[in-house]
Protein chains: 2
Amino acid sequence: MDSTDAKILKLLQTNARRTIADIGKLINMTQPAVKERVRKLEEKGVISSYGASLSPSKLGKETTAFVLFQTNSCEKFIDFCESHPDVIDLHRISGQHNYLVKVVTESTRSLDEFTDACGQFGFSTSLIVLSTPFEHKPLLPNNVEV
Amino acid sequence: MDSTDAKILKLLQTNARRTIADIGKLINMTQPAVKERVRKLEEKGVISSYGASLSPSKLGKETTAFVLFQTNSCEKFIDFCESHPDVIDLHRISGQHNYLVKVVTESTRSLDEFTDACGQFGFSTSLIVLSTPFEHKPLLPNNVEV
DNA sequence: CCTGAAAATAGAACCGC
DNA sequence: GCGGTTCTATTTTCAGG
């Protein structure tokens with residue numbers, strides 16, 4: 001993991017659909033060299049996946065919330081979240097609450113339905129997202145210049 | 001926004017580096033047709049960006065936390081978070097706390113340094129992530145079969 | 001790192017609802 | 001006119017030397 005890898009990672013995090021050749025031009029490196037580095041970064045698991053970010057509002061999802069949850073039926077709650085289409089992230093956390101759930105849904109009405117449905121597993125507190133100054137900022141390796 | 005768009009969006013969210021031609025094969029559509037749909041989805045802002053997800057632990061970042069924050073200096077706090085390399089997401093939220101900050105950092109030690117540095121702006125509560133059953137689940141359009 | 005074959009892309013011309 | 005297909009020139013990928 002050197003500064004070249006860091007540059008490649010930054011470029012891929014910024015725009016995953018960039019071509020290998022394009023990355024090569026930007027960092028003054030030949031295409032096979034870049035390709036080989038990307039292959040190794042994927043193989044080592046440094047790069048875990050490539051994804052597209054969608055605009056929730058353009059999909060008719062006007063409400064985003066973080067739901068803090070307290071439950072004893074962890075297995076069942078995980079399965080419930082896994083299969084619920086509005087649940088985007090699920091984290092187990094320290095503190096009074098066991099879980100932090102990110103929910104992207106149609107409206108406060110549908111959020112209400114979600115928390116109601118959760119009721120069978122435990123207790124929730126919802127934090128409604130009013131705005132998001134930024135999100136998914138690129139992750140940089142420690143101790144490396146970019 | 002029809003079921004074909006929904007399929008394309010799902011495939012791109014799952015793997016943004018898939019080729020247009022490959023997507024075409026999977027949904028039985030020619031390459032220019034897929035290309036045109038993707039172009040429109042980008043133009044309309046339904047697709048906001050393409051990114052790579054990295055493994056924090058492979059980058060030497062062993063601690064992830066959500067920090068709830070209460071402040072009066074919103075502008076300054078946003079700038080601080082924006083320029084801090086360990087802050088990945090920043091959301092303004094309802095409730096007693098103003099902000100929810102996702103932090104990915106080296107250790108609990110460096111998390112401690114972060115919250116100390118935040119101290120000048122207000123008060124924080126940290127929720128340490130113990131595990132993440134899943135994250136970045138694909139967003140599906142409302143009322144459309146995939 | 002270079003090279004050449006194979007694949008993917010971008011664009012034009014055309015067709016049918 | 002919109003959304004789809006085919007065809008083609010160009011670019012990108014990828015494997016072998």
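Sequence lines set the chain letters: A, B, ... in the order given, protein chains first and strands last, and positions in each chain run from 1. Every heavy atom of this structure was used, including side-chain atoms; hydrogens, water molecules and symmetry mates were not.
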So which atom in A:E82 and which in B:K137 form the shortest heavy-atom distance, rounded to 0.1 Å? O-NZ, 2.8 Å
Looking at DNA chain C, which of residues 44-52 of chain A put a heavy atom within less than 4.0 Å of it? none
Donor-acceptor contact present, side-chain B:T63 to main-chain B:T108, <3.5 Å: yes
Would you please name every residue forming a side-chain contact (heavy atoms from CB on, under 4.5 Å) with B:I78, sequence neighbours left out? A:P133, B:L90, B:Y99
Option among B:V67, B:L68, B:D89 that satisfies the side-chain contact (heavy atoms from CB on, under 4.5 Å) test with B:L100: B:L68
Kindly state each residue pair satisfying salt bridge (Lys or Arg N to Asp or Glu O under 4.0 Å) with at least one member in residues 106-117 of chain A, sequence neighbours excluded. A:R109-A:E113
Side chain to side chain donor-acceptor pair (under 3.5 Å) contacts touching residues 36-46 of chain A (sequence neighbours left out): A:D2-A:R37, A:D5-A:R37, A:E36-A:R39, A:R39-A:E43, A:E42-A:Y50
Could you tell me which residues satisfy side-chain hydrogen bond (donor to acceptor under 3.5 Å, both in side chains) with A:K61, sequence neighbours excluded, listed by chain and number? B:N142
Between protein and nucleic acid, restricted to nucleotides 13-17 of chain C and to nitrogen or oxygen atoms under 3.5 Å apart, what atom pairs and distances do you find?
none

If an axis is fit to five pairs at each end of the helix from C:dC1-D:dG17 to C:dC17-D:dG1, what is the angle between the two, to the nearest 10°? 20°
Residues from residues 13-39 of chain A sitting under 4.0 Å of DNA chain C, heavy atoms only? A:T30, A:P32, A:A33
For A:E62 and A:T105, run side-chain contact (heavy atoms from CB on, under 4.5 Å): C-alpha distance rounded to whole Å, both residues' side-chain angles, the deciding distance at 0.1 Å, then the answer. CA-CA 7 Å; A:E62 298 292 348; A:T105 190; over 6 Å; no
Assigning hydrophobic clusters by single linkage (Ile, Leu, Val, Met, Phe, Trp, Tyr; side-chain heavy-atom cutoff under 4.5 Å), is A:L26 placed with A:L41? yes
Can you name the closest pair of heavy atoms from A:L54 and A:P56 and give their distance? O-CD, 3.2 Å
Nucleotide range of DNA chain D contacted by chain B, 5' to 3', under 4.0 Å to a heavy atom? D:dG3 to D:dT6
Linking I/L/V/M/F/W/Y whenever their side-chain heavy atoms sit closer than 4.5 Å, directly or via other members, would B:F121 and B:I93 fall into one cluster? no
Not counting sequence neighbours, which residues clear side-chain contact (heavy atoms from CB on, under 4.5 Å) with B:D79? List them please. none
With under 30° as parallel and over 60° as perpendicular, where do the rings of A:H84 and A:F114 fit, or are they tilted in between? perpendicular
Provide the full list of side chain to side chain donor-acceptor pair (under 3.5 Å) pairs with a residue in residues 119-133 of chain B, sequence neighbours left out, each pair given once. A:H91-B:T132
Any side chain to side chain donor-acceptor pair (under 3.5 Å) pairs touching residues 17-27 of chain A, not counting sequence neighbours? none
